[in-house]
Every structure is written in structure tokens, then in C-alpha cells.
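In this text, all values refer to a predicted model and were calculated from it rather than measured experimentally. Both backbone and side-chain heavy atoms feed into the values below; hydrogens, waters and symmetry mates do not.
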Protein chains: 2
Amino acid sequence: MQLRALRYFVTLAREEHFARAADICGVAQPTLSSALNSLETQLGKRLVERDRRYIGLTEEGRAMLPWAQQLLAAHEAMVHAVEALGGPLRGEFRLGAIPAAMPSVGQFTQALLRQHPGMTLSVRSQTSREIMRAIEAFEIDAGVTYLDHESPSNVISVPLYAERYVFVTAEAGTQRESGAVSWQEVARHPLCLLHQGMQNRRILDGLLDAHGLSATPRATADSYIALLAMVQSGGLATVMPERYVDLIEGTDWAHVRPLAMDAAISRIGLVVGDRGPLDPVAAAALNCARRIAGESMRD
Amino acid sequence: MQLRALRYFVTLAREEHFARAADICGVAQPTLSSALNSLETQLGKRLVERDRRYIGLTEEGRAMLPWAQQLLAAHEAMVHAVEALGGPLRGEFRLGAIPAAMPSVGQFTQALLRQHPGMTLSVRSQTSREIMRAIEAFEIDAGVTYLDHESPSNVISVPLYAERYVFVTAEAGTQRESGAVSWQEVARHPLCLLHQGMQNRRILDGLLDAHGLSATPRATADSYIALLAMVQSGGLATVMPERYVDLIEGTDWAHVRPLAMDAAISRIGLVVGDRGPLDPVAAAALNCARRIAGESMRD
DNA sequence: AGGAGTGATAGAAGGTATCTATCGAAAGCT
DNA sequence: AGCTTTCGATAGATACCTTCTATCACTCCT
């Protein structure tokens, strides 16, 4: 049984399309077809349901998939473990991050890239749930997400910072109060917030609820950029993670005031999967995160 | 990179001998040599130090070994996961057990074999430490060992029973007291016990120590069979796990009395590794263990 | 010096993976 | 309906990889 065939299988299960999967794997479509065929012959079971088109995995295929993923991940980690001894790491580092943490990944990734010049980086925006699933499925090497909410499986985590929120309004006339703003005041404004169901919105709702308030936003979106655009032009206000302030600092329209954070604040950190020995890539990420966390503490 | 070559590499690392490893893998020695060579060429690193004889793994080889083991274990589990859907499990189940639990594995293995007729069994006697190491290295599928002492890594465990001890003497004359025997009385007898350093002996020493006593055995051995033989013929007494009683019950020489167990008793149970999805073989073992534990409770 | 033991090398045979080119069925569009 | 597009399977050729047997080169032991 060949690793190659397993890679085809896993890619096919993800792409649900023979030619596309073959293309991603860098082989011709018949190659993937025949590899899958011999895999199925060797196991004596059909793995992929198909009749002219891809239909889906069989029961056996579904049972096999997570093991195949683990196997391929172990293979990559093995290669990394061997290569890492002779110098800096190479290859692609796949990082998932929740939108709320996106502005802060720069610091982390910069440190990582500086320390490992041969490494390339691929950052994707995902929900906290997706990040956990992707770590489970070996689709990303690490994630930046909430530490205290969902952490179901075997992961190692390093706290990076505690999330604080700020209240952003467009500058309206000359009134320019500063100092912390209360949740009551927030609730009085016409707001635009993230869509319900996004983790960050759930946290925000929880914070409001703790003060006996509830949010009825005039607009919702799935990105902070969209929220900021609406604030800038629409007269709405929003609440967003402190880390986004850096992006709009110095603009002439944004008026940022910290929010009183009395309740428990959400910790955000780096998480990597923890199965078996530690992948050197993951180890490098953890190191960087620990260093950054140390620096942040000193701030 | 082929799984075959990795299997050769792992076997070679264990056997430390090219021809022997090749034989175990069922191939000719040059096959193993050349497979190792191409593995090393592909990785660009030497994995095995050798000059006419096997010397040892290089640094890269040592870094690679645990990953290769995990990879092969994932492969086996994957095959099992696919085969298990179409009927009963097949293949060899490798079980490690501490000597103290050896008499009780029969119950467990019988249930396992009955439920999975296609399965073969390989039981080996190991220390509790060896069992943990072997689970770590994927050399056994499960272990029967102490639950509360060393459980360092990711394992799932199911308690089977609590270990109790009995005091065994050869029948001396007509005196045949029954009822529990005190630790003080035990300490007065000339004893034969397991070697110092074996976990069971450590527990025993701990129990004695808790009563302000200490054991100064006249003889030590590394097997309960040897201890029983010495009791039978040499006028010594010994302390051994209750489960061994079944073996000598009905003989005309053995005099068995329970020991007063006031202190914490050691739990013995089944442990399996826990990395990624659950190997159906391990799942089957856990099921059997849980059923047996349930039955024991009802006793 | 001779023999046993250990691993590397050479050359041939067989198997496996891959490619290009093509087919055949289904779905979609006019 | 008729045409085109899409998707996966099949065929045949080629290159590569694995494995075997036979043998060599070296070391260690007696």
C-alpha cells in the first residue's frame, strides 16, 4: 500500500472531484483513478462511491479517511523531523486564525518567518470551530483561536494575549469623549456587529447579557473590514477587538474608546495538535508563540 | 517514500541486525539494505550508522523512528478500520501484562477471542514501565497494568479489578488458622518475594512501610511461579496477588490466608494508546474489558 | 591461516506508476 | 431532438522501482 495512493484518496475525499484532485496532486486523472482502484482492490472494499461522477465515500472510506490523514501527517512530520536536524525548517506552514485575531498574527508570523527563512506561510481565516476541525484533520499546522471555549481534543496551547474590546464610532461633530465607555452606552447606539453564530459575536452577546443588555444590531457582517466600512460611512458604531485599532489608528474619522472589561476576558492563543511526538514545525510555532507571549507580558 | 522501507527501518532499529531484520520482514537481506539506501538517499541523510556491522541509529534516525512507528501503526489501524466493517476482526492482538495480572488475563483474552474468532493473541509478560513504553512505541496493542502509578502519556484505561494480596505458606503441621492475617505476622515469617525494583514489590514494601514494618526476604525471584516453588519446598512464605490463588487452590501443601487490606489498594486495568481516532482493535479490547469489569462488579 | 558472520554490490526478472489518447455515459443548453 | 460539455474509466507504452540470487569485502575469533 503506497503513501501516494493515500494522498490521492485524501485529496479526492476533500475535493470530491477526480480531475481536480489529480491536478492538485500533480498527476494525470487516470493516474489517480488507477491508484484508487488498486487501493480498493488491495483492501477488497470499495472506498469511493461513483458512477460517471463522484458521489461520496463509502462507509469503509469514511472509516479509513481519518487514519489516512493521520498517516500522511505523520509522514510529513517525519520528513520535517529529519530535515530539521540539518538546519532551518522548510516547507509550508499552514496557520488558521479567527478573524478577531487576524491583526495579531502578523507579529507571530513575522517572528516565525524570521527564525526560519526557508519556511513559507499560508494563513487562512476560519471560525474557531473550523480551526479545531482542521487541526483534527491535519489540514493546518496550528491555529490562533480562543483557548477557553472549545478545546475538545488533544491539543497543546500557548496563550498569546487576552482579548479586549473597543467601541468604534465615526467622529460625530466635536464631542470627543475619551475614557472607557460603559456597556449601557454601547447598547444605546445603533450598532453593526458580526453575524450571529460567529464565536466573537457570541462572546459579545454574552458580555452584554451579563449586564442585563442585549444587542439588536442594525447591520451584521462576517468581517471586521465590512464593519469598519459601515462605521466610517453609515453612522453606525461597532465593537471590535482591541487589536484592530492599529489598522485605523490615525485616521480622521475613527473614534475609538476602550470598553470597560470587568468580566472574564477571553484568552487567545496558539494551538497545535498533540498526537505522538511533536512535529518540529509545531515545536517551532510553539517556541515563537512563547517568546511573543513573554514579550507581551513585559509590555 | 514507501511504507515498506519504513517497516524495514523500524524493524532494523529494533533488531539491530540487517539479516535478522530482513528475515523478520520476510525479504532477502540485500532488499532491506537497498531499501534503506534509497530511503537515506531520498531524505539526503544517513539514518543508520554502519561499517560492516550495524552500529546504531544516527541522530536523524533517532528523530525519525517514533514518527515511522506512528506511521506504521496508523497504517495497521487503517487496515483494521476498513476490514472491521465487513465482519469480525482479524490479525494478531498483542497484549502486555504485568506478572501480577497474568492469571487474570485469561478471562479477558477468552472474552476477546470468543467475540472475534478471526483474531490471534500474543501475550507477553512485562513490567509496568515496559508496558507503557511499548504502547508508546506501538509494539503492543494494549496492556494490563497498574492504573494509578505511572500513566504518563495519552492512554485510555478501563479498570478491571482491585488488587488484593494473600499470604501463602506451606502447611506446617496441624496448625491451620484461617481469617485475615496481619502485616505484623507476615513480617515475622521468613519470606520470599519479588526482586526489589519490580513494581509489585515496591507496592508491597509500601504497604509494609505504612505499618512501620520492612521486608527482609530470605529469597527473591522475578516470577511468582518461582516464589510458589520456594514456598512449596523450602519452608518460606510469600505474599502474592489474590488472583494467583486459583492456580494453587486444592493442592495439599498450600495454605492461603487473605491479608488485611486497609490502605489504598492498587487498581489494575486495561490501557490502550490514545492518539487520533480509535483503532477498532483497541476499541474491541476496551469493550471486552468494560464487560468484564461490569461482571466483576456484580460478583 | 581458516572459518563464521556481517553487510554491500551486481545484474536480471518482474511488478508498479505514470503518461497520452480515447471512449462512453450523463447532464446541460439551444 | 441534437449538440456540446463534463466526468470518470480504459488501453497501451514507457520508465522506474523492487526484489531475487550470487557473490564480494571486510572483521573477528579460534
Applied to residues 113-132 of chain B, the salt bridge (charged side-chain N to carboxylate O under 4.0 Å, His left out) test, sequence neighbours excluded, yields Arg129(B)-Glu150(B)
Close N/O contacts between protein and nucleotides 9-17 of chain C (under 3.5 Å):
{"unit_1": "dA17(C)", "atom_1": "OP1", "unit_2": "Gln2(A)", "atom_2": "NE2", "d": "2.9"}
{"unit_1": "dA17(C)", "atom_1": "O3'", "unit_2": "Arg4(A)", "atom_2": "NH1", "d": "3.1"}

Residues in residues 18-27 of chain A with a heavy atom under 4.0 Å of DNA chain D, by number, are Phe18(A), Ala19(A)
- Are the side chain of Arg94(B) and the backbone of Glu139(B) linked by a donor-acceptor contact shorter than 3.5 Å? yes
ask   = Is the backbone of Val271(B) close enough, under 3.5 Å, to the side chain of Ser157(B) for a donor and an acceptor to pair up by distance?
value = no
Between CD1 of Ile55(B) and P of dA8(C) the distance, given in whole Å, is 11 Å
Across all chains, not counting sequence neighbours, the ring-ring contact (aromatic ring centres under 6.0 Å, His included) partners of Tyr224(B) are Tyr244(B)
### His116(B) and Pro280(B), any side-chain heavy atoms less than 4.5 Å apart
no
Separation between CE (Met230(A)) and CG (Leu227(A)), nearest 0.5 Å, reads 5.0 Å
Applied to residues 10-38 of chain A, the salt bridge (charged side-chain N to carboxylate O under 4.0 Å, His left out) test, sequence neighbours excluded, yields Glu15(A)-Arg20(A)
Here the gap from Leu71(A) atom CG to Leu71(B) atom CG, rounded to the nearest 0.5 Å, amounts to 4.5 Å
Between NE2 of His17(B) and P of dT6(C) the distance, given in whole Å, is 3 Å
note: Asp51(B), atom CG; dA8(C), atom P; distance rounded to Å ~ 10 Å
Between Arg50(B) and dA8(C), does any side-chain N or O lie under 4.0 Å from OP1 or OP2? yes
Verify, without hydrogens or angle tests, whether Arg275(B) (side chain) and Arg275(A) (backbone) share a donor-acceptor contact under 3.5 angstrom. no
Practice item. Determine yes or no for a side-chain-to-main-chain donor-acceptor pair under 3.5 angstrom, with Glu40(A) supplying the side chain and Leu47(A) the backbone. Key: yes
note: Arg53(A), atom CZ; dA25(C), atom C1'; distance rounded to Å ~ 11 Å
Answer yes or no: is there a side-chain heavy-atom contact under 4.5 Å between Val272(B) and Asp141(B)? no
So the contacted stretch of DNA chain D, first to last nucleotide with an atom under 4.0 Å from a non-hydrogen atom of chain A, runs from dC7(D) to dT10(D)
